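Here the structure is a predicted model, which is why all the values come from computation and not from measurement. Order of the sequence lines sets the chain letters (A, B, ...), proteins ahead of strands, with each chain counted from 1.
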There are 2 protein chains.
Amino acid sequence: MATIRDIARVTGVSCTTVSNVIHGKDNRVSADTIEKINTAIKELGYIPNMSARSLVSNSSKVIGFVNHVITRKDSNFMEDPFHSASIGAIEQALRENGYYLMLRTIETSEELLAFLRNWNVDGLFFTGIFKDHFFDVLSNLHIPIVLIDSYTNQSSLCNVGLEDFKGSYNITKYLTGRGHRRIAFASPDIKDGGVLQERFLGYKAALTEANIPFDKSLVFVQEMDVASCRLVSEDICRHPDITAVVATADVMAAGIMTGLRERGKRIPDDISVVGFDDISLCQMVTPPLTTVHQDINLKGRLAVNMMLQLLEGNEAEEDHLILPTSLVERESVRSLLT
Amino acid sequence: MATIRDIARVTGVSCTTVSNVIHGKDNRVSADTIEKINTAIKELGYIPNMSARSLVSNSSKVIGFVNHVITRKDSNFMEDPFHSASIGAIEQALRENGYYLMLRTIETSEELLAFLRNWNVDGLFFTGIFKDHFFDVLSNLHIPIVLIDSYTNQSSLCNVGLEDFKGSYNITKYLTGRGHRRIAFASPDIKDGGVLQERFLGYKAALTEANIPFDKSLVFVQEMDVASCRLVSEDICRHPDITAVVATADVMAAGIMTGLRERGKRIPDDISVVGFDDISLCQMVTPPLTTVHQDINLKGRLAVNMMLQLLEGNEAEEDHLILPTSLVERESVRSLLT
DNA sequence: TTGTAGGCGTTATCAG
DNA sequence: CTGATAACGCCTACAA
């Protein structure tokens, strides 16, 4: 519990000098006082009190990772293996740069503001938000904000995202290229301006390009859990003309494959299924899932890079990163040609 | 940015009185000053500064969720869907009780101590630790600590864990009861005193009970990722007498099933496979995986309950919770009996 | 090169 | 019932 004053007393100097040494302002201190102070710091095991620092400097080294809960109140925002993986990557990169990560779920903008003031939060990662009044709140915040997987025209906000449209377009095209024309689209609730909408648009674009009229009745909206996927499968079976399913997440694709199989459908012989994300699950499922690949660790690291640039007061070099996707061809799609 | 003093000025009272109102010490303040102050608080949008509070009160409302990295430096502690799910549950329960969650990976006990002092951390969740010198450090910490999935004889530390031994014993017995005698055990590195060791002991106990001699060459230690699982599968195929595999995690079991299948083995016809955890993956894999079920959300909630009791200065009612497991029978096991 | 003094926002003690 | 006042640990002008 040594304080800066303790080590000042021990070394016979003032707090100021100690503080200067701690902050590496070596030009203002003589070499041997630096020496003395540094050893004292080690001896006494001095550890800075971040609360005190934060209080006086209006900066806390705390970065918040915020999840905006809108839909299900009880939803655990770690359910999605994607969120959790990126958080792990983010914690690591932040820590290496002297920051601390606070996790927080919020429901209203008031809660968000309160959280920021509570801790003098230095920066904010945001995920899972959409075009609602939230963006206005965010853009008036005056602290670095990095959005992850968000679509917004508030270009003031940095974002690291994915080629959602293109990825989805490509994999749908992959399907049409193999003769599929009745292609279902399965997704959780498609929020306006969200990731899923982009993927939805990509799907539609590919259909249009192949001269396939969009059929609303082939869109199935359900949560991603196994039970909901069974519901989707049931619905799909009611449309015997469907030959392929585009799902907006691997978890969902896998769930649907299970449901379909339970109803006697063989994959890909009876129905083809594709996913999105390329999590390890894809390789473990039978048949292995054809999907759109994205690099989640990279996403996390880039988000932190952006954040660090912002924190240092620079403009981010690139403020709207779009990571590429690639198609991973496995065995869940059958060609209808020939 | 209204401070307590701002609202004191506006209402014409002293800081003390405002502070008293904020903390509900209503007996020391007259009814209408309370009224006045409360409206002012709302008008000005006063939000407490936690740093200041923390500084003066030696309590921060910050709870740390700490992951102790020992093995792979680069490991992302969110990789395991289990960790992440429990963190989500924990954040939620903590928030509902006025606490904040900080995520932190540490490598040494010094780092841990520093983290605690930095923020006056009020309590600590710990996961993934083992019987090393760390326990000594922990038990001298004098703040509430709740271990998750840890085995220790330091009974001073609270723990919420699982019937690891029993779960593993039961599922192995399930196998021997179906005529299996050459049963492999697949697991990541089995640390002394860790969860995996318990599961290993459960496996061995079931063998012994069935008069099956333990054969060291049937134990395969590998990481859980798909590539490592392929290695395990390769090894298993070198022992054509093996008829069943006990894996210490569903992810691993699924990976091994994949690897085995790639080498032409049919499951369960040629080899039976069982897992542990009962994550949703089990239902999506072919064949559906027989496994040991545990309730991860419950685990998180109970851990928070324990923490809250400790934070309030009470002894925890129960300081060593062991959650039950149950066997979920699906289709990845074949009976060898007639 | 070093020291003094004031203040960040809050709470606690103690006196009125 | 209410209000000064000091203190928590640290930083930063400014002064020496």
Side-chain N or O of [X] less than 4.0 angstrom from OP1 or OP2 on [N]?
{"X": "Thr17(A)", "N": "dT2(C)", "result": "no"}
{"X": "Thr3(A)", "N": "dC8(D)", "result": "no"}
{"X": "Arg53(A)", "N": "dC11(D)", "result": "yes"}
{"X": "Ser19(A)", "N": "dC11(D)", "result": "yes"}
{"X": "Ser57(B)", "N": "dT11(C)", "result": "no"}
{"X": "Ser54(A)", "N": "dC10(D)", "result": "no"}

Query raised in the report: Angle class for the Tyr100(B)/Phe115(A) ring planes (parallel below 30°, perpendicular above 60°, tilted otherwise)?
Result: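 Rings of Tyr100(B) and Phe115(A): parallel, under 30°.
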To the nearest Å, how far apart are [X] [atom1] and [N] [atom2]?
{"X": "Ile22(B)", "N": "dT10(C)", "atom1": "CD1", "atom2": "P", "result": "7 Å"}
{"X": "Asn49(A)", "N": "dC11(D)", "atom1": "CG", "atom2": "C1'", "result": "13 Å"}
{"X": "Lys61(A)", "N": "dC10(D)", "atom1": "NZ", "atom2": "P", "result": "16 Å"}
{"X": "Ile37(B)", "N": "dT10(C)", "atom1": "CD1", "atom2": "P", "result": "14 Å"}
{"X": "Ile4(A)", "N": "dT2(C)", "atom1": "CD1", "atom2": "P", "result": "15 Å"}
{"X": "Asn20(A)", "N": "dT2(C)", "atom1": "CG", "atom2": "C1'", "result": "9 Å"}
{"X": "Lys25(A)", "N": "dT12(D)", "atom1": "NZ", "atom2": "C1'", "result": "8 Å"}
{"X": "Lys36(B)", "N": "dC1(D)", "atom1": "NZ", "atom2": "P", "result": "14 Å"}

Candidate nucleotides [options], ranked by approach to the side chain of [X] - the nearest:
{"X": "His23(A)", "options": "dC11(D), dC10(D), dT4(C)", "answer": "dC11(D)"}
{"X": "Arg5(B)", "options": "dC10(D), dG3(C), dT10(C)", "answer": "dT10(C)"}
{"X": "Leu55(A)", "options": "dG3(D), dG9(D), dT11(C)", "answer": "dG9(D)"}
{"X": "Tyr46(A)", "options": "dC10(D), dT10(C), dT11(C)", "answer": "dC10(D)"}

Query raised in the report: In Å, rounded to the nearest 0.5 Å, how long is the span from OG1 of Thr3(A) to CD1 of Ile47(A)?
Result: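 The CD1 atom of Ile47(A) is 12.5 Å from OG1 of Thr3(A), to the nearest 0.5 Å.
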Query - CG on Asn97(B) to CD on Glu312(B), rounded to 0.5 Å - result: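 Here the rounded value is 8.0 Å.
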Query raised in the report: What is the minimum heavy-atom distance between Val304(B) and Ala93(B), and which atoms define it?
Result: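 Result for this residue pair: CG1-CB, 3.5 Å.
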Query raised in the report: Looking at Ile37(A) and Val21(A), what are the two nearest heavy atoms and their distance?
Result: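 Reported closest heavy-atom pair: CD1-CG2, 3.6 Å.
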Query raised in the report: Any side-chain donor-acceptor pair under 3.5 Å between Thr17(B) and Ser14(B)?
Result: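 There is such a pair between these side chains.
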Query raised in the report: Going by atom types only, do Glu91(B) and Thr105(A) share a side-chain donor-acceptor pair under 3.5 Å?
Result: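 Looking only at side-chain atoms, Thr105(A) and Glu91(B) do form a donor-acceptor pair, the distance falling under 3.5 Å.
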Hey, does [X] reach any base, or is it just sugar-phosphate, or nothing, if we go heavy atoms under 4.0 Å?
{"X": "Asn27(A)", "result": "sugar-phosphate"}
{"X": "Val56(A)", "result": "base"}
{"X": "Thr33(B)", "result": "sugar-phosphate"}

Filtered N/O pairs between nucleotides 13-16 of chain C and protein, under 3.5 Å:
none

Report task. For the residue pair Leu141(A) and Leu113(A), establish whether any side-chain heavy-atom pair is separated by less than 4.5 Å. Result ->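 Counting from C-beta outward, Leu141(A) and Leu113(A) do come under 4.5 Å.
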